[in-house]
Amino acid sequence: MGINIELLIQVVYFGAAILFILGLKAMSSPVTARRGIVWAGIGMFAATAISFTYPGMHNYVLMTSAIFVGGVLAWWTGKRVAMTDMPQMIALYNGMGGGSAAAIAAVELIRLSAGGELTHSGPVSQVLAVLGALIGTIAFSGSLIAFAKLQGWMRKVYRFKGQQLFNMVVFAALLYFGWLLTGDSFGQNELLAFFGLALLVGVLMTIPIGGADMPVVISLYNALTGLAVGFEGFVLQNPAMMIAGIVVGSAGTLLTQLMATAMNRSLGNVLFSSFGTGDDGGGGGVEVSGSMKAIEAADAAITMAYAETVIIVPGYGMAVAQAQHKVWELTKVLQDKGVRVSFAIHPVAGRMPGHMNVLLAEAGVPYDLIYDLEDINSQFPNADVALVIGANDVVNPAARKDTSSPIYGMPILDADAASNVFVIKRGQGTGFSGIENLLFFEDNTRMCYGDAQDVAQKLIAGVKTL
Amino acid sequence: MEGFVALYIFMLAAFTGYEIISKVPTILHTPLMSGSNFVHGIVLVGAMVALGHAESDLEKIIGFIAVLLGAGNAVGGYVVTERMLEMFKSTKDKDK
């Protein structure tokens, strides 16, 4: 009987690994994406259920209650959270995964320090346990900071003199204790120091990073959690964890790379430069000429109603104002007037690549009206109106013109090429990068100040009266 | 030898992950990140095994935390991804 159960567990894990890969594969196309998550979900459910039959286990009451509490809390928060807050929820759940992997390693290492053995003993296993603990703990505390920042609980970007050096010293100390842990004589003090330092490194790595870079960082921590899970999978000799973890680790690394490239920044740049703090004198190279010219929503509405083509450029301001439904309503009334409306999405608009797509999809905008940067940029010169809703850095021509600008070289949406540019914006401040936006000073640009939702409502009313 | 088998698993899994992502349109980056976030929720299974074999009180406490966090990762990741993907529809899927 015992043998059969073990075989059954392995078969289910094997099936789960296949379902994870097929599920992720399906999620990479909009047509099949919805069935992808269901497949992966079935794999996860089966693997979890069969794990209750794992031989030689006890503590079932603790186990069930932990699953119940953790699951219900996550289910409840996940269902409740607004679409605009998705990025920080991903950061939060990701941090939990990293923490879980680190805690598994902690249990293993505590047993080892008390004279016991790892589940899978041997030097390779011990090194991987420590590595997984290190990576998982950093992903845990780093993700929580990212969550706090995106949630608005921590607005400040923390920098101080000698920060890099300080971080390096802390990291070196962490590596030292990690190395001690791969030996055969360490106690609880060393363990405590190791995990404490790893938590600190995650915090230190994340606090100096500004809001604009958060998507890249969350994606990086996602990849790191995957790696940690994969390594702990080896320690526990659990192939499902090994495969799922490493697949996510490599997929996440590539995704991180793609995001960084879309912003024309290297990963090292994101983690170590002082981008987005405002103290690097952004935009200083080119004189800001002209002034911002305001326009009433009613006047903008008239121009749009008589336009042939309108391209809408949404940004984080739309997400903050929850304006996506109003924007779709505006699109429909414009379409009724015979205006061709399309949406231009910059790869890093919002807080994550695809963030805007998700919001527009929520409002009901069909995805065939939505275009990527490469597909839409040639259309701007033919567009009568470019309507920029709460986007800033992704339409800043400084990226093309100003070699001294921190965002120089980043591909942008050429909204300035449209005949008329209307910018819906809450105030005159700069974007997340803290850089002055040259677009706002262009002759063909008019600023429409106000909350994106209110302005969209006024635009709808304006178009309808015609 | 056993270590090398693991190395092969790691290598093949890494290539698989790379292949999956390399052809994905931008529109699906966030859902896919969320989906991969869900997939590493498999850590729950390891956490259950770790807690199941915990002996001392300290091990039990940390094991309990591991399971709690792992369950949060798996369930939260699923709910969020599912909600996001539910909204992806093309023009022809919509009722007129």
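Taking each heavy atom of A/A74 and B/G76 in turn, the nearest pair found is CB-N, 3.5 Å. Shortest non-hydrogen contact noted between A/I110 and B/L58 is CD1-CD2, 3.7 Å. Closest of all the heavy-atom pairs between A/I243 and B/A13 is O-CB, 4.0 Å. Residue B/E19 comes nearest to A/K25 through the heavy atom pair O-NZ, 4.5 Å, listed as atom of the first residue, atom of the second, then distance. Listed here is the closest heavy atom pair of B/G35 and A/L24: C-CD2, 4.1 Å. The shortest non-hydrogen separation linking A/G78 to B/V80 is CA-CG2, 4.1 Å.
Here CD1 of B/I21 is found 6.5 Å from CG of A/L254. Values are rounded to the nearest 0.5 Å. Interatomic distance, A/M44 CE to B/N73 CG, rounded to the nearest 0.5 Å: 7.5 Å. For the atom pair CZ of A/R34 and OG1 of B/T81, the computed distance is 14.5 Å after rounding to the nearest 0.5 Å. A distance of 7.0 Å separates CG of B/L32 from CE of A/M27, quoted to the nearest 0.5 Å. For the atom pair A/N59 CG and B/M48 CE, the distance stands at 12.0 Å (nearest 0.5 Å).
The side-chain hydrogen bond (donor to acceptor under 3.5 Å, both in side chains) contacts involving residues 45-57 of chain A comprise A/Y13-A/S51, where partners must be two or more places apart or lie in separate chains.
Side-chain N or O atoms of A/S250 include none that pairs as donor or acceptor with a backbone N or O of B/F15 at under 3.5 Å.
Among A/G43, A/A223, A/A251, the residue making the largest number of heavy-atom pairs under 4.5 Å with chain B is A/A251. Interface summary for chain B: among A/G36, A/G245, A/S219, A/A17, the most heavy-atom pairs under 4.5 angstrom belong to A/S219. Note: A/A66 leads A/A16, A/G70, A/A66 in heavy-atom pairs under 4.5 Å with chain B. With chain A as the partner, the residue from B/G70, B/A54, B/A50 showing the most heavy-atom pairs under 4.5 Å is B/A54. Ranking A/I67, A/L92, A/T253 against chain B, the residue ahead of the rest is A/I67, based on heavy-atom pairs under 4.5 Å. Comparing B/I9, B/V45, B/V67 by how many heavy-atom pairs each has under 4.5 Å with chain A, the most go to B/V45. Of the listed residues (B/S34, B/G63, B/A74, B/S36), the greatest number of heavy-atom pairs within a distance under 4.5 Å of chain A belongs to B/S36.
Taking 4.5 Å as the limit, every side-chain heavy atom of B/H53 sits out of range of all side-chain heavy atoms of A/E108. No side-chain heavy atom of A/N238 sits under 4.5 Å from any side-chain heavy atom of B/I42. Looking only at side-chain heavy atoms (C-beta outward), B/Y78 and A/V38 come within less than 4.5 Å of each other. Looking at heavy atoms from C-beta onward, B/F64 lies in side-chain contact with A/S65 at the 4.5 angstrom threshold. Counting heavy atoms from C-beta on, the side chains of A/V247 and B/I20 come closer than 4.5 Å. You'll find the side chain of B/M84 reaches within 4.5 Å of the side chain of A/I90, heavy atoms only. Between B/T30 and A/P87, the closest side-chain pair of non-hydrogen atoms is not below 4.5 Å. In this structure, the side chains of B/L68 and A/L73 stay at 4.5 Å or more apart for every pair of heavy atoms.
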When the side chains of residues 94-106 of chain A are checked against the rest of the protein, which donor-acceptor pairs come out under 3.5 Å, sequence neighbours left out?
unit_1	atom_1	unit_2	atom_2	d
A/N94	OD1	A/T225	OG1	3.0
A/N94	OD1	B/H40	NE2	2.9
A/N94	ND2	A/S143	OG	3.1
A/N94	ND2	A/Y221	O	3.4
A/S100	OG	B/A66	O	2.7

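Contact of A/I50 with chain B is not made at all, since no heavy-atom distance falls under 4.5 Å. The parts of A/V81 that come within reach of chain B are both its backbone and its side chain, each placing non-hydrogen atoms under 4.5 angstrom from that chain. For chain B, the nearby part of A/L236 is the side chain; its heavy atoms alone come within less than 4.5 Å. Residue A/R35 does not touch chain B at all, counting heavy-atom pairs closer than 4.5 Å. Proximity to chain B is absent for every atom of A/S125, based on heavy atoms less than 4.5 angstrom apart. When heavy atoms are compared at a cutoff of 4.5 Å, A/L255 approaches chain B by way of both its backbone and its side chain. With a 4.5 angstrom heavy-atom cutoff, B/I62 touches chain A via backbone and side-chain atoms both. Residue A/E232 does not touch chain B at all, counting heavy-atom pairs closer than 4.5 Å. In this structure, chain B has heavy atoms under 4.5 Å from both the backbone and the side chain of A/V69. Interface residue A/Q188: only side-chain heavy atoms are found under 4.5 Å from chain B.
Around the CZ atom of A/F45, the shell of radius 6.0 Å holds no more than 12 heavy atoms that belong to other residues, nucleotides or ligands. Applying the 6.0 Å contact sphere to OH of B/Y18 captures no more than 12 heavy atoms from other residues, nucleotides or ligands.
Ring geometry for B/F38 versus A/F20: interplanar angle over 60°, hence perpendicular rather than tilted (30 to 60°).
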Evaluate B/R83 against A/M86 for side chain to side chain contact (heavy atoms under 4.5 Å, CB included), listing each step before the verdict. CA-CA 10 Å; B/R83 273 184 65 190; A/M86 282 298 168; 3.9 Å; yes

